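Written below as structure tokens is the structure these notes are about.
Along the sequence shown, the residues carry numbers beginning at 1. What you see is a predicted model; the values in this text were computed from it and never measured.
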Amino acid sequence: MFVKRIAFVLLIVAGLSRLVGTAVAQAEPQQFVVVYVEFKPANARAGGDVLQQLDALAEDSAGVIRFDVLQQIDRPNFFALFEVWGNAQTFEDFQNSSETQAILTQLTPLLEAPLDQRPGNLLTGTVNPRSRHAQARQIFVITHVDVDPQFVPQAQPLLNTFVADSLNDPGVQTFALLSQTPTLNHFQLVETFENQEAFDDHVSAQHTVDFRTATAPFLGAPYDERLYQFVSR
């Protein structure tokens, strides 16, 4: 009888271990990535074409959730990639594949600076599927917020509140705060607006003015806000 009880207990422990392992796997965070791409001005069109090849490859890759190719509105030779992957491993697998490396090799002679890749994690806010976007009029904004390390405890609650307030602004489709890995005092605000008017109204809103005023003393570099448009697939 004693042996049977021990065996029963061991079965329960084994079952609980499997359940815990499943819960840990399910809790694995999505991998967010922002990549800044700067082409020589004469190579902007050719570079954009190569980035669309990368986009097509990503869309057929396991674990991809979202992959956007963006072109900066005021500097058309500057692009950005906004990527969301199921986890860090699926992103790493895509990045290291021979097909991806071949496309990145095509990019190299077109660039005026190396690719600036910034992986991160979602802290707060929402990122909607791209299929919900009206791309022709849409404004995509990526803002790099560099907080002096000693002021992160003061600045991060302000960032969280700013995201929550901004999600209620008219015309906002995505507004999220990412932390940069492993530089945790660097943040990315990822924002999508229905059109230019919605963006202009947002930056003019009192809560935005208050946020910019409150965070200014905590910044270690200028507030770097860049406006993009989608590159059509």
Side-chain angles (χ1 to χ4, degrees), residues 15-37 48 50-71 79-107 114-135 138 140-145 156 159-160 163-164 166-167 172-193 226 228-233:
L16 288 173
S17 298
R18 286 194 294 271
L19 288 174
V20 169
T22 301
V24 170
Q26 290 176 344
E28 190 173 5
Q30 293 178 343
Q31 179 67 67
F32 287 74
V33 185
V34 175
V35 184
Y36 295 101
V37 186
V50 177
L51 290 179
Q52 289 196 70
Q53 294 178 38
L54 191 64
D55 183 8
L57 180 63
E59 288 300 322
D60 290 333
S61 299
V64 69
I65 295 173
R66 179 167 175 171
F67 196 102
D68 295 321
V69 179
L70 309 163
Q71 187 171 26
F79 289 73
L81 303 176
F82 175 62
E83 310 174 31
V84 185
W85 296 85
N87 52 50
Q89 187 61 55
T90 54
F91 167 67
E92 185 176 340
D93 291 345
F94 170 75
Q95 192 75 7
N96 293 332
S97 72
S98 58
E99 296 90 345
T100 299
Q101 289 300 312
I103 293 175
L104 295 178
T105 298
Q106 293 181 56
L107 283 178
L115 296 176
D116 184 355
Q117 181 175 282
R118 304 188 180 192
N121 297 307
L122 179 66
L123 295 179
T124 188
T126 59
V127 176
N128 291 328
R130 183 175 173 179
S131 61
R132 293 182 56 180
H133 295 170
Q135 297 180 53
Q138 196 170 24
F140 196 112
V141 182
I142 302 174
T143 305
H144 178 69
V145 185
Q156 188 163 348
L159 285 160
N160 293 343
V163 172
S166 299
L167 283 168
V172 170
Q173 297 171 327
T174 285
F175 213 100
L177 176 66
L178 311 180
S179 67
Q180 185 178 323
T181 307
T183 314
L184 299 180
N185 64 307
H186 289 185
F187 300 89
Q188 306 275 2
L189 287 168
V190 177
E191 315 160 21
T192 312
F193 298 87
R226 305 184 187 187
Y228 298 87
Q229 59 191 2
F230 284 101
V231 175
S232 299
R233 290 174 175 167

Does the side chain of [Y] come within less than 4.5 Å of [X]'s, by heavy atoms?
X    : Y    : answer
L189 : L177 : yes
V141 : F175 : no
L81  : V69  : yes
V172 : E191 : no
R66  : E83  : no

Q) Going by atom types alone, do D93 and Q89 pair a side-chain donor with an acceptor below 3.5 Å? A) yes

Q.
Side chains of Q95 and Q117: any donor to acceptor distance under 3.5 Å?
A. yes

Work out which heavy atom in [X] is nearest to a heavy atom in [Y]; give both atom names and the distance.
X    : Y    : value
Y36  : R226 : CD2-NH1, 3.8 Å
T90  : A62  : CB-O, 3.8 Å
N160 : T124 : OD1-CG2, 3.6 Å
A176 : V127 : CB-CG2, 3.7 Å
A58  : F67  : CB-CD1, 3.3 Å
G120 : Q31  : O-NE2, 3.2 Å

Q. Name the one of D55, L57, L51 that satisfies side chain to side chain contact (heavy atoms under 4.5 Å, CB included) with I103?
A. L57

Rounded distance (nearest 0.5 Å) linking atom [atom1] of [X] with atom [atom2] of [Y]:
X    : Y    : atom1 : atom2 : result
T181 : F32  : OG1   : CZ    : 11.5 Å
Q188 : L122 : CD    : CG    : 12.5 Å
D68  : T192 : CG    : OG1   : 7.5 Å
L159 : L178 : CG    : CG    : 11.0 Å

Q | Residue list, ring-ring contact (aromatic ring centres under 6.0 Å, His included) with F187, at least two apart or on another chain | A | none

**Q.** Contacts of Y228 that satisfy ring-ring contact (aromatic ring centres under 6.0 Å, His included) - sequence neighbours left out
**A.** none

**Q.** Flag, side chain of T105 to backbone of Q101, donor-acceptor distance under 3.5 Å
**A.** yes

Q: Would you please test F79 and V231 for side chain to side chain contact (heavy atoms under 4.5 Å, CB included) and show each step?
A: CA-CA 9 Å; F79 289 73; V231 175; 3.9 Å; yes

With under 30° as parallel and over 60° as perpendicular, where do the rings of [X] and [Y] fit, or are they tilted in between?
X    : Y    : value
F230 : F140 : perpendicular
W85  : F91  : tilted
H186 : H144 : perpendicular

Q: Could you walk me through whether L70 and I142 pass side chain to side chain contact (heavy atoms under 4.5 Å, CB included), step by step?
A: CA-CA 10 Å; L70 309 163; I142 302 174; 4.1 Å; yes

